[in-house]
J.: 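Below is the structure I would like to discuss, written out as structure tokens.
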Amino acid sequence: MKIHTFDTPKETARAVTHQLLKQLDTVRKDAFNLAISGGHTSELLFHLWAEIYPQSLPWQRVHLYWVDERCVPPTDGDSNYGLAKRTFLNHVKIPHDQIHRILGEANPDHEAQRYSDLVKKNLPDNDGFPQFDLLILGIGTDGHTSSIFPGQKDLLNYPTPYAVSAHPETHQYRIALTGQPMIRASMTLFHVVGAEKAEILTNVVDPSPAADQYPAGYVTRNADNVAYFIDKAAAKYLK
């Protein structure tokens with residue numbers, strides 16, 4: 001595991017983008033399989049892509065997938081796809097048939113199976129699971145990642161790439177990338193900013209098995225190639 005720390009959220013987002021460019025250069029193939037997350041941290045990144053990198057990133061090579069999605073229509077304010085569309089997809093030239101959204105408005109069980117079948121068909125195999133070229137993950141203050149929350153340990157070893165999860169408090173259904181594809185990606189990148197993430201960050205990067213109680217900690221400890229891109233506020237308690 002490597003931890004890269006930057007002064008501000010904007011510098012952190014820029015460094016994540018430079019890592020994406022590096023991965024695009026490393027993966028010498030026409031289709032680059034990228035999975036993105038939602039949330040406020042991702043929104044900062046998406047605005048940067050739209051404002052600074054609409055032309056300089058080779059978007060025509062990118063096949064875009066989602067780490068997770070709330071089970072709402074794309075027009076709903078909670079939709080991860082809707083966030084991406086508003087903030088950067090409307091401003092960059094990714095071919096339409098290379099944007100593979102999770103259908104949040106569909107039946108959750110059916111959609112988890114459809115999307116699992118899609119990624120298994122489109123992505124290379126790594127020990128029985130699809131391998132993304134780059135995953136950009138976030139972390140919640142409770143240690144969740146994707147939409148796998150503490151107490152949902154079964155989703156970390158689930159047999160399909162995507163599964164239905166539920167928020168433990170709101171009980172909102174979500175479609176979530178499960179644990180095994182997260183740890184088998186060519187690169188698993190955690191993008192974490194803000195002082196509110198500082199405390200949980202010390203727990204999820206703990207090298208001991210205690211970290212496994214947090215989904216983000218399990219992924220961190222088990223991923224083939226994992227890196228953290230964080231700002232100084234998030235790094236407050238790290239030694």
Side-chain angles (χ1 to χ4, degrees), residues 35-46 64-87 99-120 129-130 132 135-183 188 190-201 203-204 210-223 234:
I36 59 173
S37 301
H40 176 66
T41 303
S42 293
E43 187 173 359
L44 297 173
L45 182 65
F46 297 162
L64 190 64
Y65 299 85
W66 272 259
V67 169
D68 60 342
E69 181 60 279
R70 298 174 178 90
C71 292
V72 296
T75 53
D76 191 288
D78 278 349
S79 170
N80 285 342
Y81 167 75
L83 172 66
K85 189 173 190 301
R86 291 190 304 274
T87 53
I99 299 172
H100 307 284
R101 80 174 180 95
I102 299 173
L103 305 179
E105 69 274 25
N107 174 280
D109 291 313
H110 293 169
E111 182 58 12
Q113 186 61 59
R114 183 196 73 86
Y115 209 68
S116 290
D117 292 341
L118 176 72
V119 296
K120 285 193 290 186
F129 288 91
F132 289 95
L135 288 179
I136 302 179
L137 300 175
I139 294 176
T141 54
D142 58 357
H144 84 266
T145 194
S146 180
S147 280
I148 304 179
F149 297 88
Q152 297 176 345
K153 215 167 186 178
D154 59 314
L155 296 181
L156 295 172
N157 289 287
Y158 211 73
T160 59
Y162 284 81
V164 179
S165 72
H167 191 283
E169 295 178 1
T170 66
H171 308 295
Q172 180 190 58
Y173 286 121
R174 303 182 178 199
I175 309 299
L177 180 65
T178 56
Q180 298 308 301
M182 282 196 274
I183 68 175
T188 302
F190 284 96
H191 179 198
V192 186
V193 300
E196 70 277 9
K197 303 293 178 67
E199 185 173 350
I200 191 62
L201 196 58
N203 295 322
V204 300
D212 287 358
Q213 66 184 295
Y214 307 102
Y218 172 88
V219 173
T220 299
R221 279 179 23 89
N222 291 278

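The chain is numbered in sequence order, starting from 1. Hydrogens, waters and symmetry mates play no part in the numbers below; they use all other heavy atoms, side chains included. Values in this document were obtained by computation on a predicted structure and should not be read as measured data.
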J.: Taking all atoms of both residues into account, what is the closest heavy-atom pair of Asp142 and Tyr214, and its distance?
T.: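 Shortest heavy-atom contact: O-CD2, 3.5 Å.
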J.: If we ignore hydrogens and angles and just use 3.5 Å, is the side chain of Glu69 paired with the main-chain N or O of Ile175 as donor and acceptor?
T.: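 Pair absent, no side-chain N/O of Glu69 close to backbone of Ile175.
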J.: In sequence, state the C-alpha distance, the side-chain angles, and the governing distance for Tyr218 and Thr145, and then conclude on side chain to side chain contact (heavy atoms under 4.5 Å, CB included).
T.: CA-CA 10 Å; Tyr218 172 88; Thr145 194; over 6 Å; no
J.: Hey, mind stepping through Arg101 and Leu103 against side chain to side chain contact (heavy atoms under 4.5 Å, CB included) and telling me if it holds?
T.: CA-CA 6 Å; Arg101 80 174 180 95; Leu103 305 179; 3.4 Å; yes
J.: Using a 4.5 Å cut-off on heavy atoms from C-beta on, say whether the side chain of Phe149 contacts that of Arg174.
T.: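 Touching, per the 4.5 Å side-chain cut-off.
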J.: Going from OG1 on Thr160 to CG on Leu177, what distance comes out if it is rounded to the nearest 0.5 angstrom?
T.: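 Rounded to the nearest 0.5 Å, the OG1-CG separation comes out at 10.0 Å.
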J.: Do you know which two heavy atoms are closest between Gly138 and Ser37, and how far apart they sit?
T.: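 Scanning both residues completely, I find the closest heavy atoms to be N-OG, 3.9 Å.
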J.: Which atoms form the tightest heavy-atom contact between Val119 and Pro161, and what is the distance?
T.: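 So the two residues come closest at CG2-CB, 3.9 Å.
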J.: Looking at OG1 of Thr41 and CD1 of Ile139, how far apart are the two atoms once the value is rounded to the nearest 0.5 Å?
T.: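 It comes to 9.5 Å.
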J.: Just how far is it from atom CD of Gln172 to atom OG of Ser147, taken to the nearest 0.5 Å?
T.: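 The OG atom of Ser147 is 8.0 Å from CD of Gln172, to the nearest 0.5 Å.
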J.: Can you check whether His110's main-chain N or O pairs, donor with acceptor, with Gln113's side chain at less than 3.5 Å?
T.: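 Checking the backbone N and O of His110 against the side chain of Gln113, no donor-acceptor pair under 3.5 Å is found.
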J.: Given the rule in the side chain to side chain contact (heavy atoms under 4.5 Å, CB included) test, do Tyr173 and Glu111 qualify, once you have shown the distances and angles that lead to the verdict?
T.: CA-CA 12 Å; Tyr173 286 121; Glu111 182 58 12; over 6 Å; no
J.: How long is the gap from CG on Leu64 to CD1 on Ile36, to the nearest 0.5 Å?
T.: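 Result: 4.5 Å between the selected atoms.
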J.: Parallel under 30°, tilted from 30 to 60°, perpendicular over 60°: which one fits the rings of Tyr65 and His100?
T.: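 Tyr65 vs His100 ring planes: parallel.
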J.: For the OH atom on Tyr158, are there more than 12 heavy atoms of other groups (residues, nucleotides or ligands in this structure) within a distance under 6.0 Å?
T.: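 No - once you tally the heavy atoms of other residues, nucleotides and ligands closer than 6.0 Å, there are 12 at most.
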J.: Who pairs with Pro73 by side-chain contact (heavy atoms from CB on, under 4.5 Å), at least two apart in sequence or on another chain?
T.: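 Residues passing side-chain contact (heavy atoms from CB on, under 4.5 Å) with Pro73: Thr75, Asp76, Glu105.
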J.: More than 12 non-hydrogen atoms from neighbouring residues, nucleotides or ligands closer than 6.0 Å to NZ on Lys85, yes or no?
T.: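 Count not over threshold, so no.
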J.: Is there a side-chain contact between Ser165 and Ile148 (heavy atoms, below 4.5 Å)?
T.: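 Result no, sub-4.5 Å side-chain heavy-atom pair not found.
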J.: Closest approach of Ile136 and Val67, non-hydrogen atoms and distance?
T.: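 Smallest interatomic distance, heavy atoms only, reads O-CG2, 3.9 Å.
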J.: Please round to the nearest 0.5 Å and tell me the distance separating atom CD1 of Ile102 and atom SG of Cys71.
T.: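 The SG atom of Cys71 is 8.5 Å from CD1 of Ile102, to the nearest 0.5 Å.
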J.: Search all heavy atoms of Ser79 against all heavy atoms of Pro74 and return the closest pair with its distance.
T.: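 The pair with the smallest heavy-atom distance is OG-CA, 3.6 Å.
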J.: For the residue pair Ala35 and Trp66, what are the closest heavy atoms and their distance?
T.: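 For Ala35 versus Trp66, the nearest heavy atoms are CB-C, 4.5 Å.
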J.: Measuring from Glu43:CD to Arg86:CZ, what's the distance to the nearest 0.5 Å?
T.: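 Here the rounded value is 7.5 Å.
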J.: Would you say Glu199 has more than 12 foreign heavy atoms packed within less than 6.0 Å of its CD?
T.: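 At most 12 heavy atoms, drawn from other residues, nucleotides or ligands, come within 6.0 Å of this atom.
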